[in-house]
Amino acid sequence: QQQVKQSPQSLIVQKGGISIINCAYENTAFDYFPWYQQFPGKGPALLIAIRPDVSEKKEGRFTISFNKSAKQFSLHIMDSQPGDSATYFCAASMGTGGFKTIFGAGTRLFVKA
Amino acid sequence: ETGVTQSPTHLIKTRGQQVTLRCSSQSGHNTVSWYQQALGQGPQFIFQYYREEENGRGNFPPRFSGLQFPNYSSELNVNALELDDSALYLCASSKGGTNEKLFFGSGTQLSVL
């Protein structure tokens with residue numbers, strides 16, 4: 001119940017295309033869903049996050065779509081660029097009073113120039 | 001504003017030894033969380049420190065222990081090292097005992113031989 005399942009494991013997208021990464025969770029107590037981006041040799045960096053009271057959040061080229069009834073959420077990267085090539089992690093936590101974040105296994109994105 | 005810094009960046013130990021990893025939190029952050037990231041996996045929560053006390057713990061044995069100091073910096077100690085402890089250890093800082101908006105350091109790569 002504490003797991004966050006992420007797919008695909010890896011993704012290759014042409015420059016300018018849309019990258020889509022999906023995640024699913026089971027614990028309905030989760031109320032904060034962040035996405036992190038990690039480059040080799042670096043720690044994860046917060047990209048964008050959403051709470052379950054909204055169905056979509058957009059920041060620049062990055063959009064989270066959230067489906068509360070299906071317990072699924074996804075990251076869309078519009079106009080993907082080679083600089084977006086990194087590993088992306090979805091995550092979930094019980095933000096209010098919660099102390100830990102559960103991470104998905106990650107998606108390695110490669111954007112071809 | 002200083003970011004999260006971790007030391008050392010790399011460490012090689014032998015099975016059975018003990019290790020101490022260090023973390024300085026981001027300016028203005030009073031909460032430190034530690035995560036273990038195995039190769040090709042998402043970070044796994046070890047524990048969190050807030051106001052110099054352990055605020056929550058993941059599924060790690062007692063040989064993983066920690067400290068937080070009055071300046072909010074933190075240490076992770078691992079006793080009786082096992083081969084499976086080989087991983088990237090990440091420190092993340094945040095505010096107010098929560099795990100939202102985690103700011104990660106670049107990690108310490110620990111190899112146990």
Side-chain angles (χ1 to χ4, degrees), chain A residues 1-11 21-25 27 29-53 57 59 64 75 86-109, chain B residues 3-7 9-10 21 23-26 29-51 53-60 64 66 68 74 87-109:
Chain A
Q1 247 204 344
Q2 288 289 314
Q3 281 188 325
V4 176
K5 295 183 179 179
Q6 183 172 348
S7 64
Q9 277 188 309
S10 61
L11 184 60
I21 305 171
N22 300 299
C23 280
Y25 65 98
N27 190 340
F30 289 140
D31 63 359
Y32 181 73
F33 300 89
W35 285 88
Y36 285 84
Q37 178 190 56
Q38 186 175 29
F39 291 104
K42 299 292 185 182
L46 179 64
L47 199 57
I48 186 173
I50 197 168
R51 298 191 187 279
D53 54 344
K57 183 174 182 180
E59 289 184 0
I64 301 179
L75 176 69
T87 300
Y88 292 81
F89 295 96
C90 63
S93 70
M94 286 167 269
T96 306
F99 53 79
K100 68 177 175 180
T101 298
I102 309 296
F103 285 83
T107 296
R108 294 186 68 176
L109 171 66
Chain B
V4 178
T5 57
Q6 291 187 243
S7 62
T9 54
H10 295 83
L21 311 181
C23 170
S24 293
S25 60
Q26 178 153 315
H29 287 187
N30 56 11
T31 304
V32 173
S33 303
W34 286 92
Y35 287 80
Q36 180 194 66
Q37 186 176 22
L39 191 63
Q41 299 296 316
Q44 281 201 299
F45 176 76
I46 303 175
F47 43 56
Q48 182 188 80
Y49 277 83
Y50 174 54
R51 293 180 175 173
E53 291 191 359
E54 189 179 287
N55 191 39
R57 189 178 185 93
N59 190 27
F60 281 80
F64 285 78
Q68 186 180 34
S74 177
L88 180 68
Y89 289 84
L90 294 162
C91 167
S93 72
S94 57
K95 293 182 180 179
T98 74
N99 62 96
E100 296 189 7
K101 296 184 181 179
L102 296 173
F103 287 79
F104 283 88
S106 294
T108 293
Q109 185 66 54

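Below, chains carry the letters A, B, ... as their sequence lines are ordered, and counting in each starts from 1.
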Between OH on residue Y36(A) and CG on residue L102(B), distance to nearest 0.5 Å: 3.5 Å
Any chance CD of Q109(B) has more than 12 other-residue heavy atoms, nucleotides or ligands included, within less than 6.0 Å? yes
Between CG on residue L46(A) and CD on residue E100(B), distance to nearest 0.5 Å: 10.0 Å
Is P34(A) close to chain B through its backbone or its side chain, or both, or neither, when contacts mean heavy atoms under 4.5 Å? neither
Heavy-atom closest pair (Q37(B) atom, F89(A) atom, distance to 0.1 Å) is NE2-CZ, 3.3 Å
When the 4.5 angstrom heavy-atom criterion is applied to F47(B) and chain A, the contacting part is neither
Around E59(A), counting heavy atoms of other residues, nucleotides and ligands shown, do more than 12 lie under 6.0 Å from its CD? yes
Closest heavy-atom pair and its distance - L90(B), G43(A): CD2-CA, 3.9 Å
Surrounding CZ of R108(A) (heavy atoms of other residues, nucleotides or ligands, distance under 6.0 Å), is the total greater than 12? no
If you look at every heavy atom in L88(B) and Q38(A), which pair is closest and at what distance? CD2-NE2, 4.2 Å
G41(A) and S106(B) have their tightest heavy-atom pair at O-CB, 3.9 Å
Which atom of K101(B) lies closest to which atom of Y32(A), heavy atoms considered: N-OH, 3.4 Å
Within a 6.0 Å radius of atom CG on D53(A), are there more than 12 heavy atoms belonging to other residues, nucleotides or ligands? yes
